[in-house]
2 protein chains.
Amino acid sequence: MTGPALSISRRTRRTPFANRVEASGAKAYTVYNHMLLPTVFDTVESDYHHLKRHVQVWDVSCERQVEIRGPDAGRLIQMLTPRSLGTMGFGQCLYTPMVDETGGMLNDPVTLKLAEDRYWVSIADSDLLFWIKGLAYGLHLEVDVDEPDVSPLAIQGPKADDLAARVFGDNVRNIRFFRYAMLPFQGHELVVARSGYSKQGGFEIYVDGADLAEPLWDALFAAGEDLNVRAGCPNLIERIEARLLSYGNDMTRENTPHECGLSRFCQTQSAIGCVGRDALLRVAVEGPIRQIRNLAIDGEPVPACDGIWGVFAGGKRVGRVTSAAWSPDFQTNVAIGMVRMTHWDDGTRVEVEAPDGMRTATIREHSFI
Amino acid sequence: MTGPALSISRRTRRTPFANRVEASGAKAYTVYNHMLLPTVFDTVESDYHHLKRHVQVWDVSCERQVEIRGPDAGRLIQMLTPRSLGTMGFGQCLYTPMVDETGGMLNDPVTLKLAEDRYWVSIADSDLLFWIKGLAYGLHLEVDVDEPDVSPLAIQGPKADDLAARVFGDNVRNIRFFRYAMLPFQGHELVVARSGYSKQGGFEIYVDGADLAEPLWDALFAAGEDLNVRAGCPNLIERIEARLLSYGNDMTRENTPHECGLSRFCQTQSAIGCVGRDALLRVAVEGPIRQIRNLAIDGEPVPACDGIWGVFAGGKRVGRVTSAAWSPDFQTNVAIGMVRMTHWDDGTRVEVEAPDGMRTATIREHSFI
């Protein structure tokens, strides 16, 4: 379940919630954006069951923000993504594939528009700050690009609305999916967005200032005792069932958003200014030749997936698996991978080369949940 | 000694040496450039003694390369650093502080000149690739910027020359400090540089192609049995004694190279084109007001340093410690930190706020070794 020991140092940054996370019994971590991200509290399976039934508070401080501020902020943000942001309004947060000049994925953040000249980009695991700073410098844009002291805290699970309402008021119930509201907490206005890295529903609170972290954590746990609130974290099994992609696992700079199944977030034709636009217009015409799929892998629970597992059909390699775990609810191994168009149709039978041997598997066009 | 468990996944990339590292009994890891880096084999102290007496082979694949290739490669590489590269020749590898437009450190890589239009930048822990790609795109430079399949393997320790000579021939003995030669191994020419992240002497071999990794590892261990060769890794204690800085620990984007004590690697006046030149010229005139120092911290062995420890004098904060460990050889706690100019003179007595209480400490102008 867990791996070898992790050596910690200042470089693997502690979060403002770290004392609470430790006191809650975090058993394992990963490093994400040079920061500690817990991965297990009880067991991955028991965390999973709890997430689907109750409500959890997640320290996702590692979703660092890149703040872009200044007269050219709107122009710069559109350069980063093939998603058309021309009509983006305040109170919106948009999932935005971000690409280089070849259309290769650099990150898949959520972008928040805070003002006409001010955005937060809530990043996955790569130093997107460096790309944005490089572009801004090279193009002489009038912007300031920096990492502010903002640490997101997620509330996820079917009782998330009830818990959030007890701390932020019933207004949270009216926040629509991928919208945010500014709500008060102890005299501060915080961004509260209906979003998060699970399909169980909930919110992400952008904690603006490390000194608010423990008071907010404590307020949520005090308010949620009878809701069976627990400390949690993004759950490997649930996120695979939901086909929530992980940058660095399921996609890298080698992949276009179309290969990643993110075409619905690309309006490349109207995303004038996107640096990868020329390349992606070409892909949009021709279509990708491989694409993200879920797979159900037969047999006993698979070992941890810490590398690429080949996908084969008739002895030929037709794809790869990049995330996999045993699903208690579906009683099969659930996986995410990329499969060539010859074998990506729903129900196609393939073979997966797991570390402990070949397994039969079935391609799923849609996610499990 | 070791921390909590580390969850591994494809995102925390395995190296081409990972099977050998595991078989050699690596007990703990960190994540560095999205890749596994072992941190302990026996114990940090026993690894330290062995490193200082014998020879070790280190998997430092996580020192990823950024390859810059094309007509504008020379112009771009000078943009990245205040070190003057105008006279850099083939066969040289230079330690190069790399800075943003404000002079803030983005990375402190070793730069290798492979040809007039081709460089490798061997990076510390940040996605420098993104900064370089952003600059190249924004400035319409004629270069290709990518991460090649190159994984450095280090040979470190007093017997490193003997071991390297047995595998690469006696030519390795003639390689000067921070120079490299192209030497044959199994029909390939590999970059073998006299460099490495210890002060015990040795080489870094830039293994160009993952398929060469295990053969080279095996050849070194077969050749070095009577030299008491062991698998090792950068050693926390030794690198602090030697004042080898760690990006993300001892310095970040907030610090200039001058604060980091790296002024001797800055010829900012002649580094025409360096993007941080204006800011650094100013600092070079005024001088930094705080700077990297070693400290000897009194008392029992300190706990692991996983954050910033304040440095105080007369109740006022005058600096911080960012790396610390007990040194068996010096029988004191050795540390690296930044101290204000009012208190940075050799021998100044200060207090350090360790997690287990205040400790007295002494500033050291020079490194321990």
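Values below: all heavy atoms of this structure, side chains included; hydrogens, waters and symmetry mates excluded. Just so we're on the same page: letters track the sequence lines, and every chain starts at 1.
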Quick one: which of [options] has the most heavy-atom pairs under 4.5 Å with chain B, could you say?
options	result
Asp125(A), Asn249(A), Ile308(A), Leu37(A)	Asn249(A)
Arg10(A), Glu101(A), Lys133(A)	Arg10(A)
Ala136(A), Gly134(A), Gly307(A)	Gly134(A)
Leu128(A), Asp100(A), Leu106(A), Thr39(A)	Leu106(A)
Asp250(A), Leu135(A), Leu36(A)	Leu135(A)

Checklist entry - So do Thr252(A) and His34(B) actually touch side chain to side chain, heavy atoms under 4.5 Å? => result no
Checklist entry - Hey, does Thr30(A) have a side-chain heavy atom less than 4.5 Å from the side chain of Thr12(B)? => result yes
Checklist outcome for this item: Most heavy-atom pairs under 4.5 Å with chain A, out of His140(B), Arg14(B), Glu147(B), Met79(B), belong to Arg14(B)
Item to check | side-chain contact (heavy atoms from CB on, under 4.5 Å) involving Asp211(A) - partner list, sequence neighbours excluded | outcome: none
Next on the checklist: Has Arg11(A) got a side-chain atom pairing as donor or acceptor with Gly248(B)'s backbone, closer than 3.5 angstrom?
Outcome noted: no
Next on the checklist: I'd like to know if the side chain of Asp306(B) reaches the main chain of Ile8(A), judged simply by a donor and an acceptor atom lying under 3.5 Å from each other, with no hydrogens or angles considered.
Outcome noted: no
Item to check | Under 4.5 Å from any heavy atom of chain A - which part of Thr322(B) | outcome: both
Checklist entry - Which region of Ser246(B), side chain (C-beta onward) or backbone (N, CA, C, O), has a non-hydrogen atom less than 4.5 Å from a non-hydrogen atom of chain A, or is it both or neither? => result side chain
Item to check | Inter-residue atom distance Ser7(B).OG - Tyr32(A).OH, 0.5 Å rounding | outcome: 14.0 Å
Next on the checklist: For the CZ atom of Phe130(B) and the OG atom of Ser126(A), what is their distance to the nearest 0.5 Å?
Outcome noted: 4.0 Å
Next on the checklist: Taking the basic N atoms (NZ, or NE/NH1/NH2) and the acidic carboxylate oxygens, is any pair closer than 4.0 Å for Arg253(B) and Asp127(A)?
Outcome noted: no
Checklist entry - Closest heavy-atom contact between Leu139(B) and Gly138(A)? => result CD2-O, 3.4 Å
Checklist entry - Using a heavy-atom distance cut-off of less than 4.5 Å, which residues of residues 232-243 of chain A contact chain B? => result none
Item to check | Residue Glu22(A) versus chain B: region with a heavy atom under 4.5 Å | outcome: neither
